[in-house]
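Only one structure is covered here, and it is reproduced in the block below.
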Amino acid sequence: MHTYSKSVSSGLAQMALEAAKHSGVGPQEFQRLTGISESEAREAGGRIPAAKHIAMLNLMERDFKPLGLLESSAHIPLCASISTLLGMVTNAPSLTAAYAGFLEYRVLVGDVDGLALRRDGADFEFEYCLDGEGRTAVSAFGNLVMLARLARQYAEGSPCSIAMELTGPAFAPVGQLRHIDPCEIRFGQERNCIRIRTQAPDRPYSRFNATTHGIIGRQAHNDLQALNQKYSFALRVEGFLVQWVQAQQAFPVGHNALEQVCDKFAMTRWGIHRRLQKESINFQHILSRVKMAEAKRLLLQSDAAISDVSDMLGFSSPSAFSRFFSDQHGVSPSRYKTSHYLS
């Protein structure tokens, strides 16, 4: 699957935005470096395209101390999608059920990066596959640690063997990482994976609460259905257009944009409109959203004049661009630009 068809919960961006603030990186600088605006990060129930999320991860892992980032995340309020996922996997009938729930519902948080399971009886092996270029093993470590903690929780005191392998050089001393999780950790490996051996993965969990599990399970199921209905195709179209515009450094007029989408997805215009209609959205709305996001990105480049941005986005005049921007954002493009660079 191409990264443009993947997305993550905006709640992760909001958590990263808060962590960035604690490290002295404000919302405007965060947007310049990642492409994620504060409004995108704080949109309730929103999703962030994969390319932006990967840029955010690279920023966090490169410019902030990874170990401090992992430790500080415990003090940042969790987004709703993470809370739902944790509710499903920490109160399951057994470890096997907990892992099945993690694999099924982790898309609520995001489907950037892959997670594969191989099982042989009481032995579980999870492989975490990173998307994007220049990534470190920090994200893999954070996700694999969650799987290790679940194994210990459901073991309820019984012995379990856990060993983790991570690619690349160590992003923190192994001794420090073992304060986060005591499993065996080796860097410089070919894959990011964790091997877990437990005595009774299907043994009923003594603290399982069926009523709570049913309530959270219905919520997770409904959230997953809503996600599929709202984002499965429209976000892929939007993500493709964002990448196409930035690669071409020009914005196609309406009919040309639709032709690009038809070629990319091998569908007719009628087919595109029909798929979008099922998700209660139309192509023009997506085009306006992409155009608005690109306008903000270009305006935040200090050397880009309003007239230049208007031309690049295909408006008939700077005044037409100003009307569009003001209608969509509530302020003029000149005021938006000034407020970010002269305040």
Side-chain angles (χ1 to χ4, degrees), residues 6-22 30 34 36 38-50 52-53 56-57 60 64 68-115 117 126 128 138-154 156 180-181 194 205-232 235:
K6 298 182 177 183
S7 66
V8 299
S9 165
S10 59
L12 290 183
Q14 184 173 348
M15 293 170 66
L17 184 64
E18 295 302 321
K21 286 182 179 179
H22 288 302
F30 184 82
T34 66
I36 303 172
E38 187 169 13
S39 60
E40 281 182 288
R42 299 193 185 283
E43 180 185 355
R47 301 286 286 191
I48 303 295
K52 290 184 178 183
H53 179 72
M56 180 189 79
L57 291 176
M60 305 295 281
F64 305 150
L69 180 62
L70 288 167
E71 292 172 335
S72 66
S73 64
H75 306 292
I76 298 173
L78 297 178
C79 63
S81 56
I82 293 179
S83 297
T84 300
L85 178 63
L86 289 177
M88 283 296 296
V89 301
T90 59
N91 178 46
S94 65
L95 177 62
T96 296
Y99 282 161
F102 190 87
L103 290 169
E104 182 176 2
Y105 291 108
R106 68 184 289 266
V107 68
L108 294 176
V109 178
D111 59 357
V112 172
D113 297 341
L115 183 65
L117 168 64
F126 290 90
Y128 194 90
V138 173
S139 294
F141 175 76
N143 280 268
L144 296 178
V145 160
M146 187 181 302
L147 298 169
R149 290 176 176 174
L150 287 173
R152 293 193 187 89
Q153 174 187 332
Y154 284 88
E156 299 192 273
I180 296 176
D181 190 273
I194 191 167
Y205 183 45
S206 66
R207 287 176 284 178
F208 172 63
N209 186 301
T211 301
T212 302
H213 183 76
I215 293 171
I216 299 176
R218 286 191 293 274
Q219 181 65 53
H221 176 74
N222 291 339
D223 288 350
L224 188 59
Q225 280 195 321
L227 178 66
N228 289 335
Q229 291 171 1
K230 187 174 182 181
Y231 292 105
S232 59
L235 195 70

Is there a side-chain contact between Tyr105 and Asp223 (heavy atoms, below 4.5 Å)? no
In the structure I gave you, are the side-chain heavy atoms of Asn143 and Asp113 within less than 4.5 Å of one another anywhere? no
Kindly say whether Val107 contributes a backbone atom to a donor-acceptor pair with the side chain of Asp111 at under 3.5 angstrom? no
Separation between CD (Glu18) and CD (Gln14), nearest 0.5 Å, reads 6.0 Å
Is it true that Glu40 and Arg47 have a side-chain N and a carboxylate O under 4.0 angstrom from each other? no
I'd like to know if the side chain of Tyr128 and the backbone of Gly142 have a donor-acceptor N/O pair within less than 3.5 Å. no
Please evaluate residues Ile216 and Asn91 with respect to the criterion side chain to side chain contact (heavy atoms under 4.5 Å, CB included), reporting the C-alpha separation (whole Å), side-chain torsions for both, the decisive distance (0.1 Å), and the verdict. CA-CA 9 Å; Ile216 299 176; Asn91 178 46; 5.6 Å; no
So Val145 and Arg149, do their side chains get closer than 4.5 Å, heavy atoms only? yes
Quick one: are Ile48 and Ser7 in side-chain contact, heavy atoms under 4.5 Å? no
Contacts of type side-chain hydrogen bond (donor to acceptor under 3.5 Å, both in side chains), residue Ser9, not counting sequence neighbours: Ser81
Is any side-chain heavy atom of Val109 closer than 4.5 Å to a side-chain heavy atom of Val8? no
Smallest heavy-atom separation, Gly217 atom then Met88 atom, equals CA-SD, 3.4 Å
How far apart are the C-alpha atoms of Leu17 and Met56, what are their side-chain angles, what is the distance that settles it, and do they pass the side chain to side chain contact (heavy atoms under 4.5 Å, CB included) test? CA-CA 9 Å; Leu17 184 64; Met56 180 189 79; over 6 Å; no
Identify the heavy atoms of Met60 and Ala19 that sit nearest to each other, and give their distance. CE-CB, 3.7 Å
Audit row: Leu12, Ile82, side chain to side chain contact (heavy atoms under 4.5 Å, CB included) steps and yes/no: CA-CA 9 Å; Leu12 290 183; Ile82 293 179; 3.4 Å; yes
Shortest non-hydrogen contact between Leu147 and Phe102, atoms and distance: CD2-CD2, 3.9 Å
Residues forming a ring-ring contact (aromatic ring centres under 6.0 Å, His included) with Phe126, sequence neighbours excluded: Tyr99
Just wondering, do Phe30 and Glu38 contact through their side chains at under 4.5 Å, heavy atoms? no
Between atom OG1 of Thr34 and atom NZ of Lys52, what is the distance when rounded to the nearest 0.5 Å? 8.0 Å
Ile194 and Ala148 have their tightest heavy-atom pair at CD1-CB, 3.8 Å
Going by the angle between their ring planes, with limits at 30° and 60°, are His213 and Phe208 parallel, tilted or perpendicular? perpendicular
Any donor-acceptor pair under 3.5 Å linking the side-chain atoms of Thr90 with those of Gln153? no
For Val112 versus Arg106, what's the shortest heavy-atom pair and its separation? O-NH2, 4.1 Å
Between the main-chain N or O of Tyr205 and the side-chain N or O of Glu156, is there a donor-acceptor pair closer than 3.5 Å? no
